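Order of listing sets the numbers, starting from 1, for every ligand and every atom in it. If you're wondering where the values come from, they're calculated on a predicted model, not measured in any experiment.
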Amino acid sequence: MRLTLVFPGFAAVALAMPAPLPQEIDVGMVLAAPEPITYDPVVGATAQVVSYDFTSMLAQATAPATSVATDAAATATAIEKRGAACTSLAAGASGAPAYSPDTPAAFASNSDFASVAINAPVPTGYSNTFTNANASNSAYGYLGFTTLSTFDTAKCAAKCDAIRGCLSFNLYFERDPSVDPGSGASGCENPASVTYIKCVFWGGYVSNANANNYGQYRNKFQVLIAGSNGYTNNTLAAPAGYSDAIYYGTRAIDAPLDAQGFNTFITSKIFSGPFDARLCAAACDAQTQYAIDHPSADGTPAKKCQFFNTYILNLNDNKHPQGQYCTLYTEAWPTKYATSTGSTTSRLV
Ligand SMILES: *[C@@H]1O[C@H](CO)[C@@H](O)[C@H](O)[C@H]1NC(C)=O
Ligand SMILES: *[C@@H]1O[C@H](CO)[C@@H](O)[C@H](O)[C@H]1NC(C)=O
């Protein structure tokens, strides 16, 4: 039986590293890989759809035997972009608590936002990763957002479930302008506010550490965030032919040589789209086929892929995810070998 070992955690590596041993993180490959797409929710929109081309990502994942950097093809469509200065924008959420006076300070200190966020039920199948932050996430693998009329965690979860690659979501209140503030002396530099309830989808992990978008100014109007909660799906679907995922947190497999003295590490890959164990599985399967089709001349056993370990890799800090990293092995290794936390100069986040 083959095992899938998955940890969508955050291992960080620093840049200054000695030449890596084969099994160590291949920093050269990581740096050569395309930068992950880092869309954030579009300012002034009430919804945004991001679609990745999973078919082409899977096709690229199957290039065998070499370290392959895969570019994720994505398209993003924003709905209801900002209009001309002083034109009205979408109405706020009918189920958002009111606050007064209509100032940034009153929004930030409104205890009703906090109380709704703190008391929101955790949707079935999800874990709550943080509660009641005053910032939204800039996480890995942006997958768009929608606005809701109430702070409905179950509804946001159901929408996430319907999006391929959606691993986590962020639900929060946002103070937004009721009309477009325009720029300069527009005549409506600091209009009355509305409150949106935004449900944002991510193909990576959301945490307090990457909840670091505190809003911004639009002309003299201050956009703010309150009651921001994060949730992550507890289930990672096992790809066809693989057993269930085992979660390692922020540690990666560091396998010893096998009983015959062979190195069981085959290769590593990095992908830049939403976290998806199926990409590693496709690479693992393609590697096995390649090994069967290309037997070694000296009779050493074919390097058939039996096992992989995958995680989101960060360089230097928790704010620069480089992509989904996969390491492929000829043998399944038990949890006690999940000991690698990056390089000696790295830190965990
Ligand atoms: C979580 O992810 C799994 C696997 O991708 C998916 O089948 C499921 O619908 C998601 N949601 C829940 C609540 O498990
Ligand atoms: C967010 O909360 C932190 C900690 O409570 C606080 O220091 C910070 O000023 C707040 N930021 C905004 C924009 O309200």
Student: Starting from atom 13 (C) of ligand 2, which protein heavy atom do you reach first, and at what distance in Å?
Tutor: Leu224 CD2, 3.9 Å
Student: Which residue holds the protein heavy atom closest to atom 11 (N) of ligand 1, what is that atom called, and what is the gap in Å?
Tutor: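 For this ligand atom, the closest protein heavy atom is Asp161 OD1, 2.7 Å.
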Student: Considering all protein heavy atoms, does one lie under 4.0 Å from atom 9 (O) of ligand 2?
Tutor: no
Student: For Asn233, which part has a heavy atom under 4.0 Å from ligand 1: side chain, backbone, both, or neither?
Tutor: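 It is the side chain that gets close, since no backbone atom is under 4.0 Å.
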Student: Using a strict SG to SG cutoff of under 2.5 Å, would you count Cys156 and Cys199 as disulfide-linked?
Tutor: yes
Student: Mind listing the closest non-hydrogen atom pair of Gly230 and Val206 along with its distance?
Tutor: CA-CG2, 3.8 Å
Student: List the atom of Gly227, the atom of Phe151, and the distance in Å for their closest heavy-atom pair.
Tutor: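 Minimum heavy-atom contact is O-CZ, 3.3 Å.
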Student: Would you verify whether the NZ or CZ of Arg175 falls within 45 degrees of the ring axis of Phe221 while also being under 6.0 Å from that six-membered ring's centre?
Tutor: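 The answer is yes; both the distance and angle limits are met.
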Student: Just by modelled atom types, is the Tyr99 backbone N or O under 3.5 Å from a matching donor or acceptor in the Asp112 side chain?
Tutor: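 Judged by distance alone, no pair lies under 3.5 Å.
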Student: Suppose I only count heavy atoms of Thr124 and a 4.0 Å limit; which atoms of ligand 1 are within that range?
Tutor: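 In order of number, 13 (C).
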Student: For atom 5 (O) of ligand 2, which protein heavy atom lies nearest, and how many Å away is it?
Tutor: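 Going by distance alone, atom 5 (O) of ligand 2 is nearest to Asn134 ND2, 4.6 Å.
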